[in-house]
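Position 1 is the first residue of the sequence; numbering continues from there.
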Amino acid sequence: MTEETPGFDEQHEPADISSGATPDDAEPNASGPSKEGAGAQAGDSTVGLTAQLDQVRTALGERTADLQRLQAEYQNYRRRVERDRIAVKEIAIANLLGELLPVLDDIGRAREHGELVGGFKSVADSLEAVAGKMGLQQFGEEGEPFDPKIHEALMHSYAPDVTETTCVAILQPGYRFGERTIRPARVAVAEPQPGANAAKPAKGDTDGEGPDDAADAGPDTDGTSGGPDEG
């Protein structure tokens, strides 16, 4: 007779196979949900970093555009200031040279009369040299065409040997500084003689007899015209 050991059936009862679960399946099922949560959390973190990176790139583009705009405005400001500085300098030099023109006129008249001698000649030459270095240029010559932009006509006459309005005498020379005319040249002008270009009569018509005069002449009256003799 076999003696049954108490509790044997309870301790060694086989696992329920109908459920399809094994002791080894318990740990993987327990750890599965934690891995999926970690993956979802990592995905959310990547999306957040991408959004932050896009924001940083947008802000960087805006700051770069602002910097480029400020740089362009600064360059324009520098060019404008430099242009204004040059203009102010030219105006100041032109005003100074304009005040010297009467002195230069006196020097020119003294030279024409032979009075520019000695120490006065040396001072005059130095003054003219300094004015030339500052950019002062003299213009106006006899025989050049009259230009109202740079000439001022003080005297007017007619001449048969000119074909257009011409400067025949320079009363006061003109001066310019760069492209700026400080004083126009004051000149005497001559225009072509009125009627100088009128048509002259032909050479054959100057003998007092036109080509048809012979045909219009009447018969001879000297009796030799070949008429009938008187009886």
Side-chain angles (χ1 to χ4, degrees), residues 55-194:
Q55 293 178 356
V56 171
R57 288 176 177 175
T58 302
L60 179 61
E62 293 176 354
R63 299 299 180 271
T64 303
D66 293 340
L67 180 61
Q68 292 175 349
R69 183 171 58 256
L70 290 175
Q71 186 176 6
E73 292 177 356
Y74 177 68
Q75 294 295 334
N76 293 334
Y77 169 76
R78 288 187 57 186
R79 286 193 291 266
R80 184 169 59 254
V81 170
E82 182 67 16
R83 183 172 60 251
D84 294 343
R85 185 185 67 82
I86 295 175
V88 170
K89 180 180 178 181
E90 290 180 351
I91 292 174
I93 295 176
N95 292 335
L96 174 61
L97 294 176
E99 296 295 329
L100 293 177
L101 294 187
V103 180
L104 297 177
D105 291 337
D106 293 338
I107 292 174
R109 284 189 290 267
R111 183 180 288 110
E112 291 177 358
H113 292 84
E115 300 176 357
L116 197 63
V117 294
F120 180 54
K121 180 180 184 303
S122 186
V123 173
D125 292 342
S126 299
L127 179 60
E128 291 177 339
V130 171
K133 288 181 180 179
M134 294 179 67
L136 184 66
Q137 298 177 355
Q138 180 178 320
F139 65 90
E141 297 181 0
E142 294 182 4
E144 63 183 5
F146 176 75
D147 186 356
K149 295 180 180 179
I150 59 176
H151 296 140
E152 181 181 354
L154 300 182
M155 299 177 63
H156 176 269
S157 62
Y158 294 98
D161 57 345
V162 297
T163 59
E164 60 180 344
T165 305
T166 306
C167 301
V168 295
I170 305 300
L171 306 179
Q172 277 187 334
Y175 291 95
R176 68 166 58 96
F177 172 68
E179 301 296 331
R180 187 191 305 271
T181 299
I182 299 178
R183 188 182 72 186
R186 294 166 180 172
V187 300
V189 299
E191 291 183 355
Q193 189 73 28

Check: At what distance, to the nearest 0.5 angstrom, does OG1 of Thr165 lie from CD of Glu191?
Finding: 4.0 Å
Checklist line | Chi angles and distances behind the side-chain contact (heavy atoms from CB on, under 4.5 Å) call for Asp105, Arg183 | finding: CA-CA 12 Å; Asp105 291 337; Arg183 188 182 72 186; 2.7 Å; yes
Next item on the list: Indicate the atoms forming the closest heavy-atom contact of Ile150 with Phe139, along with that distance.
Entry: O-CE1, 3.3 Å
Notebook entry, point to check: Quick check: does any side chain N or O of Arg176 sit under 3.5 Å from a backbone N or O of Gly135, one acting as donor and the other as acceptor?
Noted result: no
Note to self: Within the supplied structure, the quantity of interest is the number of heavy atoms (other residues, nucleotides, ligands) at a distance under 6.0 Å from Glu82 CD; does it exceed 12?
What the structure shows: yes
Check: Do the side chains of His156 and Tyr158 get nearer than 4.5 Å, heavy atoms only?
Finding: yes
Notebook entry, point to check: salt bridge (charged side-chain N to carboxylate O under 4.0 Å, His left out): which pairs involve residues 140-152, sequence neighbours left out?
Noted result: Glu152-Arg186
Next item on the list: Begin with the C-alpha distance, continue with both residues' side-chain angles, and end with the deciding distance and a verdict on side-chain contact (heavy atoms from CB on, under 4.5 Å) for Gln138 and Glu128.
Entry: CA-CA 11 Å; Gln138 180 178 320; Glu128 291 177 339; over 6 Å; no
Next item on the list: Looking only at non-hydrogen atoms, find the nearest pair between Glu164 and Pro145 and report the distance.
Entry: OE2-CG, 3.5 Å
Next item on the list: Could you tell me which non-hydrogen atom of Leu171 sits nearest to which non-hydrogen atom of Ala188, and how far apart they are?
Entry: CG-N, 4.3 Å
Checklist line | Which atom of Glu115 lies closest to which atom of Phe120, heavy atoms considered | finding: O-CD2, 4.0 Å
Next item on the list: For side-chain contact (heavy atoms from CB on, under 4.5 Å), just list the numbers for Gln172 and Leu154, CA-CA rounded to whole Å, side-chain angles, deciding distance to a tenth of an Å, and then say yes or no.
Entry: CA-CA 10 Å; Gln172 277 187 334; Leu154 300 182; over 6 Å; no
Notebook entry, point to check: Atom NZ of Lys89 and atom CG of Asp84: how far apart are they, to the nearest 0.5 Å?
Noted result: 14.5 Å
Note to self: Checking Arg69 now: which residues fulfil salt bridge (Lys or Arg N to Asp or Glu O under 4.0 Å) with it, not counting sequence neighbours?
What the structure shows: Asp66
Item checked: Rounded distance (nearest 0.5 Å) linking atom CZ of Phe177 with atom CD of Gln137 -> 9.5 Å
Check: Is any side-chain heavy atom of Leu101 less than 4.5 Å from a side-chain heavy atom of Leu104?
Finding: yes
Item checked: Residue pair Val162 / Pro192, side-chain heavy-atom distance below 4.5 Å -> yes
Margin query: If you define the side chain from C-beta out and look only at heavy atoms, does anything of Leu67 sit under 4.5 Å from Arg63?
Written below: no
Check: About how many Å separate CD1 of Ile182 and CG of Leu97, when rounded to the nearest 0.5 Å?
Finding: 5.0 Å
Check: How long is the span from the CG atom in Leu127 to the CG atom in Leu100, to the nearest 0.5 Å?
Finding: 6.0 Å
Next item on the list: Might you confirm whether atom CD of Glu73 has over 12 heavy atoms from other residues, nucleotides or ligands at distances under 6.0 Å?
Entry: yes
Checklist line | Sequence-distant partners of Arg180, salt bridge (Lys or Arg N to Asp or Glu O under 4.0 Å), two or more places apart | finding: none
Checklist line | For Gly140 against Ala185, the heavy-atom pair lying closest together | finding: CA-CB, 4.3 Å
Next item on the list: Compare every heavy atom of Pro102 with every heavy atom of Gly98, then report the nearest pair and how far apart it is.
Entry: O-CD, 3.8 Å
Check: CG/Asn76 to CD/Gln71 distance, rounded to the nearest 0.5 angstrom?
Finding: 11.0 Å
Notebook entry, point to check: Would one find more than 12 heavy atoms of other residues, nucleotides or ligands at under 6.0 Å from atom CE of Met155?
Noted result: no
